Number of protein chains: 2
Amino acid sequence: MKISTKGRYGIRLMLSLALNYNNGHLPLNVIAKEQGISEKYLEQIINPLTKAGLTTSFRGAQGGYSLSKEPSQITVGSILRILEGSLSPVDCLDNGLCEKANSCTSLSLWQKIKEAVDEVVDNTTLEDLVEEYHAKNGMNFYI
Amino acid sequence: MKISTKGRYGIRLMLSLALNYNNGHLPLNVIAKEQGISEKYLEQIINPLTKAGLTTSFRGAQGGYSLSKEPSQITVGSILRILEGSLSPVDCLDNGLCEKANSCTSLSLWQKIKEAVDEVVDNTTLEDLVEEYHAKNGMNFYI
DNA sequence: ATGATTTCTTATATATTTGGTAGGAATTAT
DNA sequence: ATAATTCCTACCAAATATATAAGAAATCAT
């Protein structure tokens with residue numbers, strides 16, 4: 001039941017872009033240095049986010065990445081599902097229920113866990129994290 | 001964010017013991033056969049549950065296992081935490097917060113996820129699963 | 001044009017975790 | 001005694017997690 005580094009780094013990465021939302025785009029090496037994560041690893045993480053349309057990339061010199069929507073329009077859930085796969089605790093909730101579903105006793109338990117997690121991640125946006133960031137770190141510039 | 005087979009099999013195993021709660025103890029080979037799980041693997045799963053005091057073992061011929069408390073007194077959370085380790089999505093919530101905790105923006109997100117999961121698993125008991133079992137499978141004997 | 005910068009693509013490497021299997025010792029009922 | 005059962009320890013293969021790396025493609029600044 002752990003979130004992997006991809007999910008965790010991905011959230012931090014997206015928070016960086018959210019904090020920078022009004023300043024154009026940001027290259028990965030800046031974020032990598034600031035967060036102490038390998039730039040190459042960050043590339044792998046942001047790639048699927050770009051493909052999914054959450055971020056926009058600008059290639060070449062002076063390129064970088066930016067959010068493709070307002071922070072308030074990007075939920076933590078959409079980020080985590082791209083990076084972690086489904087957040088449900090068992091596969092059967094995703095792959096369509098198995099043939100024993102109507103007699104399966106634990107099914108509703110897994111379903112409740114899934115709903116509880118979904119409720120949190122689908123109702124937390126990057127804007128919420130930005131507010132949290134400022135509450136904890138003051139209004140200072142990010143970078 | 002997946003529950004492993006140990007957690008899933010463990011829940012099913014404990015449900016079997018709960019369904020059998022008024023009939024004394026049950027040997028693993030019976031449960032293994034019924035659920036199509038290797039008896040040797042079930043041994044590894046029930047062992048920590050016994051050490052944690054959730055189940056009682058009876059060695060030797062005609063031995064077996066039984067719940068050591070009423071099904072209503074055993075939560076799904078207590079079972080899963082023994083078999084899966086902590087259910088929190090990140091390690092820092094268990095190992096004591098790290099030195100960056102007071103500036104960490106994602107911390108409260110992880111905490112909310114943890115609380116949401118805890119809320120479900122700590123308020124679901126084996127008795128609830130027994131009721132669910134009977135609702136789905138009728139009042140027929142279990143074994 | 002050229003060089004510097006940056007993303008994009010693909011391949012590779014290592015460590016850890018998962019999901020078991022297996023052998024035999026210890027214990028107990030019959 | 002014997003059979004049944006838990007208990008303990010070791011082992012193993014496959015998958016997953018966590019990266020590192022090389023170089024191609026694109027773009028900007030000069």
Side-chain angles (χ1 to χ4, degrees), chain A residues 1-13 16-17 20 24-68 80 82-86 89-91, chain B residues 1-13 16-17 20 24-68 80 82-86 89-91:
Chain A
M1 286 289 284
K2 287 282 177 287
I3 300 271
S4 74
T5 55
K6 287 200 178 180
R8 286 188 284 118
Y9 293 172
I11 293 291
R12 285 162 59 186
L13 171 62
S16 290
L17 295 182
N20 194 62
H25 53 268
L26 212 54
L28 280 192
N29 61 55
V30 172
I31 302 178
K33 183 169 295 182
E34 174 223 1
Q35 298 190 0
I37 303 173
S38 138
E39 181 183 345
K40 286 297 188 184
Y41 197 28
L42 279 185
E43 284 180 10
Q44 287 184 41
I45 292 172
I46 204 169
N47 196 297
L49 297 174
T50 300
K51 282 184 174 155
L54 296 194
T55 48
T56 305
S57 65
F58 302 88
R59 301 184 67 171
Q62 316 308 315
Y65 296 90
S66 64
L67 298 186
S68 48
L80 289 179
I82 290 165
L83 298 175
E84 297 280 316
S86 155
V90 292
D91 279 335
Chain B
M1 285 291 283
K2 289 281 178 286
I3 299 271
S4 72
T5 54
K6 288 201 176 176
R8 286 188 284 117
Y9 294 172
I11 294 291
R12 285 162 60 186
L13 170 63
S16 290
L17 295 182
N20 195 61
H25 52 267
L26 212 54
L28 280 191
N29 62 56
V30 172
I31 302 177
K33 183 170 293 182
E34 176 223 1
Q35 298 190 0
I37 304 173
S38 138
E39 182 183 346
K40 285 295 189 183
Y41 197 28
L42 278 186
E43 285 180 10
Q44 290 183 38
I45 292 172
I46 204 171
N47 195 297
L49 297 173
T50 301
K51 283 184 175 157
L54 296 193
T55 48
T56 306
S57 64
F58 301 88
R59 301 185 69 171
Q62 315 308 316
Y65 296 89
S66 65
L67 298 186
S68 47
L80 288 179
I82 290 165
L83 297 175
E84 297 280 317
S86 155
V90 291
D91 279 334

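What you see is a predicted model; the values in this text were computed from it and never measured. The sequence lines fix the lettering, A, B, ..., with proteins before strands; numbering per chain opens at 1.
Rounding to the nearest 0.5 Å gives a distance of 11.5 Å between CG of N47(B) and CD1 of I82(B).
The base of dT27(C) does not come close enough to the side chain of R59(B) for any donor and acceptor atom to sit less than 3.5 Å apart. At a cut-off of 3.5 angstrom, the base of dG24(C) holds at least one donor-acceptor pair with the side chain of K40(B). Side chain Q44(B) to base dT21(C): a donor-acceptor pair is found below 3.5 Å.
Comparing E84(B) and F58(B) by the nucleotide of DNA chain C whose heavy atom lies nearest to each, the residue mapping closer to the 5' end is E84(B). Mapped onto DNA chain C by nearest heavy atom, A61(A) and I46(A) fall at different nucleotides, with A61(A) at the one closer to the 5' end.
Using a 4.0 Å cut-off, no side-chain N or O of N29(A) falls inside it from OP1 or OP2 of dT5(C). Side-chain nitrogen and oxygen atoms of T5(B) include at least one within less than 4.0 Å of the OP1 or OP2 phosphate oxygen of dG19(C). Neither OP1 nor OP2 of dA19(D) sits under 4.0 Å from any side-chain N or O of S38(A). Distances shorter than 4.0 Å separate none of the side-chain N or O atoms of Y9(B) from OP1 or OP2 on dT18(C).
Checked by atom type and distance alone, the side chain of H25(A) pairs as donor or acceptor with a backbone atom of Q62(A) at under 3.5 Å.
In this structure the side chain of L28(A) reaches within 4.5 angstrom of the side chain of L13(A), judged on heavy atoms. Side-chain contact between K2(A) and S86(B) is present, with at least one heavy-atom pair separated by less than 4.5 Å.
Counting non-hydrogen atoms under 4.0 angstrom, G60(B) reaches a base of the nucleic acid.
For S57(A), whose side chain is taken as the heavy atoms from C-beta onward, the closest listed nucleotide among dC8(D), dT7(C), dT21(C) is dT7(C). Of the candidate nucleotides dG19(C), dC7(D), dA29(D), dC7(D) has the atom lying nearest to any side-chain atom of N47(B).
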